*Asks:* 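Next up is a structure, given as structure tokens.
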Protein chains: 2
Amino acid sequence: MNRSNTGANLPALRNHNAALVLDLLRTAGEAGISRLELAERTGLTPQAVSKITARLRAEGLAAEAGHRPSTGGKPRTVLRLVPDAGYAVGLHLDRDELTAVLVDLAGTTVATRRAPLDLGAGAEVVLEAASREVAALGFPPPGPSGRQRLLGVGVAAPGPLDHGRGVLHRVTGFPQWDGFALRDVLSERLGLPVVLDKDTNAAALGLALRARPAGGSFAYLHLGTGLGAGLVLGGALYRGARTGAGEFGHQTLQMDGPPCSCGGRGCIEALCLAAVARGDIARAARLLGTGAANLVGLLDIDRVLLGGRVVAAEEDVFVRGVGAVLAELARREGSGPAVPVAAAGGDGRAVADGAAQLVLAPVFGHANVAFPSGGNGA
Amino acid sequence: MNRSNTGANLPALRNHNAALVLDLLRTAGEAGISRLELAERTGLTPQAVSKITARLRAEGLAAEAGHRPSTGGKPRTVLRLVPDAGYAVGLHLDRDELTAVLVDLAGTTVATRRAPLDLGAGAEVVLEAASREVAALGFPPPGPSGRQRLLGVGVAAPGPLDHGRGVLHRVTGFPQWDGFALRDVLSERLGLPVVLDKDTNAAALGLALRARPAGGSFAYLHLGTGLGAGLVLGGALYRGARTGAGEFGHQTLQMDGPPCSCGGRGCIEALCLAAVARGDIARAARLLGTGAANLVGLLDIDRVLLGGRVVAAEEDVFVRGVGAVLAELARREGSGPAVPVAAAGGDGRAVADGAAQLVLAPVFGHANVAFPSGGNGA
DNA sequence: GCACTTTGGCAACAGCGTTGTTTAAGTGGA
DNA sequence: TCCACTTAAACAACGCTGTTGCCAAAGTGC
């Protein structure tokens with residue numbers, strides 16, 4: 001069950017197991033999964049799985065879809081997630097562009113809209129544009145049960161911001177947003193639940209839910225206007241105590257190095273962007289790799305993913321450069337193979353897709369991974 | 001409930017709630033806590049708490065201890081943890097010394113033994129010394145129920161090592177231990193369950209369980225022979241994918257800086273130890289602070305604790321020096337007060353005490369915080 | 001001494017996964 | 001064609017969980 005500092009009762013137990021089964025159905029995708037496989041993976045008895053899947057089918061979340069070949073007896077019935085049982089909107093508010101996507105329960109993006117946006121044009125303009133594009137996606141009609149199938153809107157914005165309260169902080173370059181309660185304002189305006197998170201976190205969550213096998217740990221490093229990170233630790237998006245984790249760009253890499261816009265010196269972001277500006281991409285990649293190595297050593301993650309416009313422009317150079325530094329680290333430590341590096345991909349829609357997952361993830365038991373607020377733990 | 005990728009049934013639910021209540025009893029300490037407070041904190045109904053505490057009292061883990069003053073009605077009955085319902089041994093194997101402690105369920109150290117040790121003298125010598133000192137602690141007799149009250153032995157050793165398998169890796173300075181299955185060998189020899197972890201992790205766990213309020217996030221930075229870290233995220237000890245997290249010392253802080261014993265350049269450990277060797281403690285503190293600032297930004301933790309022999313020798317200088325760097329960081333970010341820094345204290349017994357908590361923590365629901373191994377998450 | 005408040009146990013209950021059993025739906029040899 | 005065998009999955013009874021409704025116990029204060 002999910003970590004919590006509160007007591008658990010029978011409904012909580014039921015939700016936990018149902019979410020677990022749903023997550024396995026989601027992970028299985030179109031191939032589906034049989035009841036007995038679900039039982040093996042969850043550790044529940046086959047009978048328990050039968051009961052749970054019966055409920056899910058009654059709720060319209062799962063359906064039978066064919067049979068596996070017989071292995072000498074009655075063939076297993078394949079179960080699949082019903083993708084259109086629920087939808088979420090993902091909204092990526094970038095500095096100069098807005099991307100809105102409609103994603104179904106299976107994680108498939110069924111509609112996309114893009115529009116130019118000036119994040120500095122003021123709240124009213126931005127909210128209006130957001131509302132317009134979200135509405136233009138075309139919502140799915142309520143299901144046969146009459147239940148609304150649009151679960152909510154996930155919003156990804158440049159950080160820093162407060163995920164817990166849904167409030168923007170001093171968005172780099174646009175200080176006028178400081179303190180703006182974007183989540184509540186937008187929720188009121190759209191009449192839908194809204195979840196707000198950093199763009200890097202949204203992208204990392206999206207990647208985490210697509211990862212096979214699920215449950216690993218990785219860092220998503222995003223090099224664009226700035227340099228940020230999204231951390232997935234043990235399959236869960238890590239947001240930190242005040243939901244501000246992932247400040248990767250202002251890590252000091254060169255004490256007494258060149259000044260950074262943040263007021264510090266030798267920050268990896270300043271060094272990296274300077275190298276990019278000089279056209280020395282190999283150097284930028286090496287710098288990024290050094291920062292990644294620091295992170296890998298500290299957190300013992302098992303994968304590094306790179307994204308962002310700058311990376312996308314020279315994907316191979318960055319992947320090779322970062323990979324080389326991590327290979328050196330592995331050689332020095334002598335403990336197994338190097339941590340693999342890859343480009344995140346996602347053709348510019350990764351953040352918006354991930355934003356939608358901010359809403360969908362709780363259905364699969366990936367909610368409340370933000371942080372226990374106190375009480376106990378350890 | 002604790003994060004997991006397995007299904008949960010009624011016994012699991014019962015254990016979860018019992019552990020939750022036990023943890024609150026432990027946290028309350030000698031002051032105790034009433035049933036209604038337990039109900040409020042857990043979110044369970046008072047009746048459920050009554051049932052759970054009745055079970056705990058029947059098992060000898062909890063007891064009634066007086067009453068609170070009346071607030072106009074029947075006064076609340078205070079419940080307390082029974083400290084001698086369980087014990088654990090904590091064993092700290094350091095490079096030149098062995099420390100063994102006997103700790104009760106409430107976390108009180110009831111016996112301590114210390115002996116010189118040469119970690120390079122070979123397995124047989126070390127195991128013999130460990131067995132001798134553990135036996136000399138004087139185990140508590142089995143309880144009235146006849147149940148053995150010594151729950152196990154927690155062993156803390158210099159890293160790197162594999163907590164999951166209980167195997168040492170190349171202990172810095174003593175490569176002959178590489179691959180030694182210390183946990184299983186010692187468990188066989190003592191006839192008790194053994195848990196193995198890094199010294200920094202043990203210390204961090206001990207600090208986490210003593211923290212008030214519980215559930216926060218902090219980094220324990222240990223500067224002694226080397227420089228390592230123990231991370232507590234959201235109240236839980238974070239060990240990483242291969243239980244190797246906390247490699248703080250070989251973080252690059254000065255690209256193209258002086259060479260480090262690890263083969264890299266400009267590692268914080270090399271810089272820091274060099275400054276200490278020069279007698280420039282202020283510089284060492286500032287270096288440590290810079291590394292701490294990187295970590296604070298990346299993980300958004302809310303406390304930094306310092307320990308280790310070098311720190312203990314000049315506690316104030318380190319606390320002030322690291323604090324100053326973190327204060328600068330907070331000023332630059334402009335987001336609230338600086339992350340506080342403090343000395344961990346513990347008069348050289350912190351690691352051994354924490355090692356005992358490796359065994360006791362599961363009783364209070366702090367088990368399996370290591371990592372989900374796959375399946376799902378996020 | 002009585003009305004009131006608060007605590008906390010007792011009893012009945014609904015709902016969870018588990019266990020034991022039965023039915024359904026295949027394979028494969030005689 | 002039949003029948004023994006295997007495997008899948010539902011049905012039924014069960015034990016145990018926390019919850020709800022109720023009531024006794026133990027205080028305060030007029």
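Just so it is clear: chains get the letters A, B, ... in the order the sequence lines come, proteins before strands, and each one is counted from 1. Hydrogens, waters and symmetry mates are skipped; everything else that's a heavy atom, side chains included, is used. A quick note: this is a predicted structure, and the numbers were derived from the prediction, not measured.
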*Asks:* Determine: side-chain N/O of B/N17 to OP1/OP2 of D/dT17, distance under 4.0 Å, yes or no.
*Replies:*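 It does not, given that no N or O in the side chain of B/N17 lies less than 4.0 Å from OP1 or OP2 of D/dT17.
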*Asks:* If you count every heavy atom of other residues, nucleotides or ligands that lies below 6.0 Å from B/E64 atom CD, does the total exceed 12?
*Replies:*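 Yes, CD of B/E64 has more than 12 neighbouring heavy atoms, counting only those of other groups under 6.0 Å.
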*Asks:* Which part of the nucleic acid, if any, lies within contact of A/P75, taking any heavy atom under 4.0 Å across all strands shown: a base, the sugar-phosphate backbone alone, or nothing?
*Replies:*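 If one applies the 4.0 Å heavy-atom cut-off, A/P75 turns out to touch the sugar-phosphate alone, with no base involved.
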*Asks:* Has B/T71 got a side-chain N or O lying under 4.0 Å from the OP1 or OP2 atom of D/dG27?
*Replies:*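 For B/T71, the contact criterion (side-chain N or O under 4.0 Å from OP1 or OP2 of D/dG27) is not met.
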*Asks:* Looking at every non-hydrogen atom in both residues, tell me the closest pair between A/A8 and B/H16 and how far apart they are.
*Replies:*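 Scanning both residues, the minimum pair turns out to be CB-CD2, 3.8 Å.
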*Asks:* Any side-chain N or O of B/T77 below 4.0 angstrom from OP1/OP2 of C/dG8?
*Replies:*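 So the side-chain polar atoms of B/T77 do come within 4.0 Å of the phosphate oxygens OP1 or OP2 of C/dG8, strictly under.
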*Asks:* From NE2 of A/H16 over to P of D/dT17, roughly how many Å is that when rounded to an integer?
*Replies:*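 Computing the A/H16:NE2 to D/dT17:P distance gives 18 Å.
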*Asks:* In terms of side-chain heavy atoms of B/S70, which of D/dA10, D/dG27, D/dC16 is nearest?
*Replies:*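 Nearest listed nucleotide: D/dG27.
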*Asks:* Quick one: B/E64 CD to D/dA26 P, roughly how many Å, whole number?
*Replies:*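 Value for this atom pair: 12 Å.
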*Asks:* Name the nucleic acid region contacted by B/R55, choosing base, sugar-phosphate or nothing; use a 4.0 angstrom heavy-atom cut-off, strictly under.
*Replies:*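 B/R55: backbone/sugar contact only, no base atoms under 4.0 Å.
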*Asks:* From CG of A/L79 over to P of D/dA8, roughly how many Å is that when rounded to an integer?
*Replies:*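 In whole Å, D/dA8 P and A/L79 CG are 13 Å from each other.
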*Asks:* In whole Å, what is the span from the CG atom of A/L38 to the C1' atom of D/dA10?
*Replies:*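 In whole Å, D/dA10 C1' lies 16 Å from A/L38 CG.
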*Asks:* Between B/A48 and B/G73, which residue's closest nucleotide on DNA chain D lies nearer the 5′ terminus?
*Replies:*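 Here B/A48 is the residue nearer the 5' end.
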*Asks:* Does C/dG9 have OP1 or OP2 sitting under 4.0 Å from an N or O in the side chain of B/S50?
*Replies:*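 Indeed, a polar side-chain atom of B/S50 lies that close.
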*Asks:* In whole Å, what is the span from the CZ atom of A/R76 to the P atom of C/dT27?
*Replies:*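 That distance rounds to 15 Å.
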*Asks:* From the list D/dT20, C/dG8, C/dT18, which nucleotide is the closest neighbour of the side chain of B/L36?
*Replies:*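 Shortest atom-to-atom distance from the side chain points to C/dG8.
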*Asks:* Verify the contact: side-chain N or O of B/R35 to OP1 or OP2 of C/dG9, cut-off strictly under 4.0 Å; return yes or no.
*Replies:*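 Answer yes for this pair, as a side-chain N or O of B/R35 is under 4.0 Å from OP1 or OP2.
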*Asks:* In this structure, how many angstroms lie between the C1' atom of D/dA10 and the CG atom of A/L56, rounded?
*Replies:*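 Those two atoms, CG and C1', are 16 Å apart.
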*Asks:* Taking atom P of D/dA9 as reference, at what distance in whole Å does atom CD1 of A/I52 sit?
*Replies:*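 In whole Å, D/dA9 P and A/I52 CD1 are 15 Å from each other.
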*Asks:* One pair to check against side chain to side chain contact (heavy atoms under 4.5 Å, CB included): A/T53 and A/R35. What are the steps and the verdict?
*Replies:* CA-CA 8 Å; A/T53 54; A/R35 288 178 178 80; 3.6 Å; yes
*Asks:* Please tell me which of A/L10 and A/G43 maps to the more 5' nucleotide of DNA chain C, matching each residue to the nucleotide holding its nearest heavy atom.
*Replies:*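 Looking at DNA chain C, the more 5' nearest nucleotide goes with A/L10.
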*Asks:* After noting the C-alpha distance and the side-chain angles of A/H67 and A/V78, does the key distance pass the side chain to side chain contact (heavy atoms under 4.5 Å, CB included) rule?
*Replies:* CA-CA 5 Å; A/H67 300 270; A/V78 173; 5.7 Å; no
*Asks:* Taking for each residue the nucleotide of DNA chain D with the nearest heavy atom, is it A/K74 or B/K51 whose nucleotide lies nearer the 5' end?
*Replies:*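 Result of the comparison: A/K74.
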*Asks:* Which one, C/dG15, C/dG20, C/dA11, comes nearest to the side chain of A/Q47?
*Replies:*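 Of the candidates, C/dG20 comes closest.
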*Asks:* Can you check whether B/N9 has a side-chain N or O nearer than 4.0 Å to OP1 or OP2 of C/dC16?
*Replies:*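 So the side chain of B/N9 is outside the cut-off, no N or O lying under 4.0 Å from OP1 or OP2 of C/dC16.
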*Asks:* Of the listed nucleotides (D/dC16, C/dT18, C/dG9), which one gets closest to any side-chain atom of B/R14?
*Replies:*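 The nucleotide sitting nearest to the side chain is D/dC16.
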*Asks:* Taking atom CZ as the centre, does B/R68 end up with more than 12 heavy-atom neighbours from other residues, nucleotides or ligands that are less than 6.0 angstrom away?
*Replies:*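 Yes, enclosed.
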*Asks:* Where do A/L10 and B/L13 come nearest, in terms of heavy atoms and distance?
*Replies:*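 Looks like N-CD1, 4.2 Å.
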*Asks:* Rounded to whole angstrom units, what separation is found between the NE2 atom of B/H67 and the C1' atom of D/dA25?
*Replies:*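 In whole Å, D/dA25 C1' lies 12 Å from B/H67 NE2.
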